[in-house]
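So the structure is just underneath, and the comments pick up after that.
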Amino acid sequence: MTFEALLIPTAIVATDLGTGDPVVFTRGELVPALRASCAFPGASLGGMKMVLDCANGAASSLAPELFRALGAQVTALHDRPDGRNINAH
């Protein structure tokens, strides 16, 4: 998923660990920006297995992708929103 695909203009802010300066993401892939904004250097979810209930919400496709990118083995539930089924499980 990309910033360009979002219906609402969005910016994600992270910090450059070398300089302490803010880094603002407004274009391109969302996962790298999200990872940077909540990063703990050296942290990994590698080897962790999780079940993620996405409640058919707006981030249903993004949340599993983000946790997989961090190394977790994800089983996603309720991750297919159709505009009518949010929290309907």
Side-chain angles (χ1 to χ4, degrees):
M1 181 171 282
T2 65
F3 281 93
E4 293 80 8
L6 298 174
L7 298 177
I8 298 171
T10 302
I12 297 175
V13 180
T15 302
D16 182 312
L17 294 176
T19 66
D21 294 332
V23 178
V24 180
F25 296 87
T26 58
R27 287 187 267 167
E29 294 292 324
L30 285 169
V31 170
L34 287 168
R35 287 180 73 182
S37 72
C38 61
F40 296 97
S44 171
L45 298 179
M48 181 179 282
K49 295 179 182 179
M50 65 173 59
V51 176
L52 185 62
D53 185 347
C54 300
N56 291 314
S60 290
S61 63
L62 183 60
E65 183 180 342
L66 175 62
F67 284 107
R68 286 183 184 116
L70 292 172
Q73 294 178 17
V74 177
T75 300
L77 304 175
H78 309 110
D79 60 340
R80 291 181 177 79
D82 65 10
R84 298 181 316 265
N85 63 351
I86 296 174
N87 292 320
H89 59 275

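All values below were derived from every heavy atom in this structure, side-chain atoms included, with hydrogens, water molecules and symmetry-related copies excluded. Numbers for residues simply follow the sequence, beginning at 1.
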What about V31 and V13, same hydrophobic cluster or not, with Ile/Leu/Val/Met/Phe/Trp/Tyr joined at side-chain heavy-atom distances under 4.5 Å?
-> no
Can you list the residues that meet the side chain to side chain contact (heavy atoms under 4.5 Å, CB included) rule with E29, with sequence neighbours excluded?
-> T2, P32
Side-chain heavy atoms under 4.5 angstrom apart, residues restricted to Ile, Leu, Val, Met, Phe, Trp, Tyr: same cluster for F25 and M1?
-> yes
CG-OG1 distance between L30 and T10, expressed to the nearest 0.5 angstrom | 7.5 Å
OG1 on T75 to CG on L52, rounded to 0.5 Å | 9.5 Å
Can you list every pair that meets salt bridge (charged side-chain N to carboxylate O under 4.0 Å, His left out) and has a residue in residues 76-85, with sequence neighbours left out?
-> D82-R84
Could you tell me whether M48 atom CE has more than 12 heavy atoms of other residues or ligands within 6.0 Å of it?
-> no
Show me the donor-acceptor pairs, under 3.5 Å and distance only, between side chains in residues 61-72 and residues at least two apart or in other chains.
residue: R68; atom: NH2; partner: V74; partner atom: O; Å: 3.1

Sorted by chain and number, sequence neighbours left out, side chain to side chain contact (heavy atoms under 4.5 Å, CB included) with P81 holds for N56, S60, N85
Quick one: side chain to side chain contact (heavy atoms under 4.5 Å, CB included) partners of A11, sequence neighbours excluded?
-> V24, T26
Work out which heavy atom in S37 is nearest to a heavy atom in I12; give both atom names and the distance.
-> CB-CG2, 3.5 Å
